[in-house]
Amino acid sequence: VYTPPNGAPVTTVCYLQRGMAAQSDGSRLEQVRIAHLPKAQVPEPLRGGAIAIGTARWLVDALEDDDGAIVAVRVRPE
């Protein structure tokens, strides 16, 4: 379920990807989590929106990618 900061919840499918990425200056690696959402159901996920997967909740931090079908956003645990 995706819930925008000031809106109604939207039931959707979500694929949560966990991985590592270098910081922009290359100084260290950090753990990242990317949520992939269908654009047809969640066309514009907003920063501060919440994604619930089972009992876990994640907050949207930033847009990572939008290929027209899937929207990928960086998330962090709530």
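None of these values were measured; they are calculated from a predicted model.
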field: Joint hydrophobic cluster, L46 plus L16, side-chain heavy atoms closer than 4.5 Å
entry: yes

statement: Shortest non-hydrogen pair, I70 vs P38, comes out as CD1-CA, 4.1 Å

message: Is there a path of hydrophobic side-chain contacts, each under 4.5 Å between heavy atoms of I/L/V/M/F/W/Y residues, joining L59 to L63?
response: no

message: Are there over 12 heavy-atom neighbours, none belonging to D67, within less than 6.0 Å of that residue's CG?
response: yes

message: Listing request: all salt bridge (Lys or Arg N to Asp or Glu O under 4.0 Å) pairs with a residue in residues 43-53, at least two apart in sequence or in separate chains.
response: none

task: Flag the pair I51 / V60 as yes when at least one side-chain heavy-atom distance between them is below 4.5 Å, and no otherwise.
output: yes

Shared hydrophobic cluster for I53 and V71 (ILVMFWY, side-chain gaps under 4.5 Å): yes

Approximate separation, where rounding is to 0.5 Å, of I34 CD1 and R18 CZ: 12.0 Å

query: Hey, mind stepping through L29 and M20 against side chain to side chain contact (heavy atoms under 4.5 Å, CB included) and telling me if it holds?
result: CA-CA 6 Å; L29 291 175; M20 301 295 286; 3.9 Å; yes

message: Could you report the tightest heavy-atom contact between A35 and C14, atom names first, then the distance?
response: CB-SG, 3.8 Å

message: Taking salt bridge (Lys or Arg N to Asp or Glu O under 4.0 Å) as the cut-off, I'd like each qualifying pair that reaches into residues 24-43, sequence neighbours left out, listed once.
response: E30-R74, K39-D66

- request: Please lay out, stage by stage, how T11 and Y2 fare under the test side chain to side chain contact (heavy atoms under 4.5 Å, CB included).
  value: CA-CA 6 Å; T11 299; Y2 167 75; over 6 Å; no

With sequence neighbours excluded, residues passing side-chain hydrogen bond (donor to acceptor under 3.5 Å, both in side chains) with R76: D61

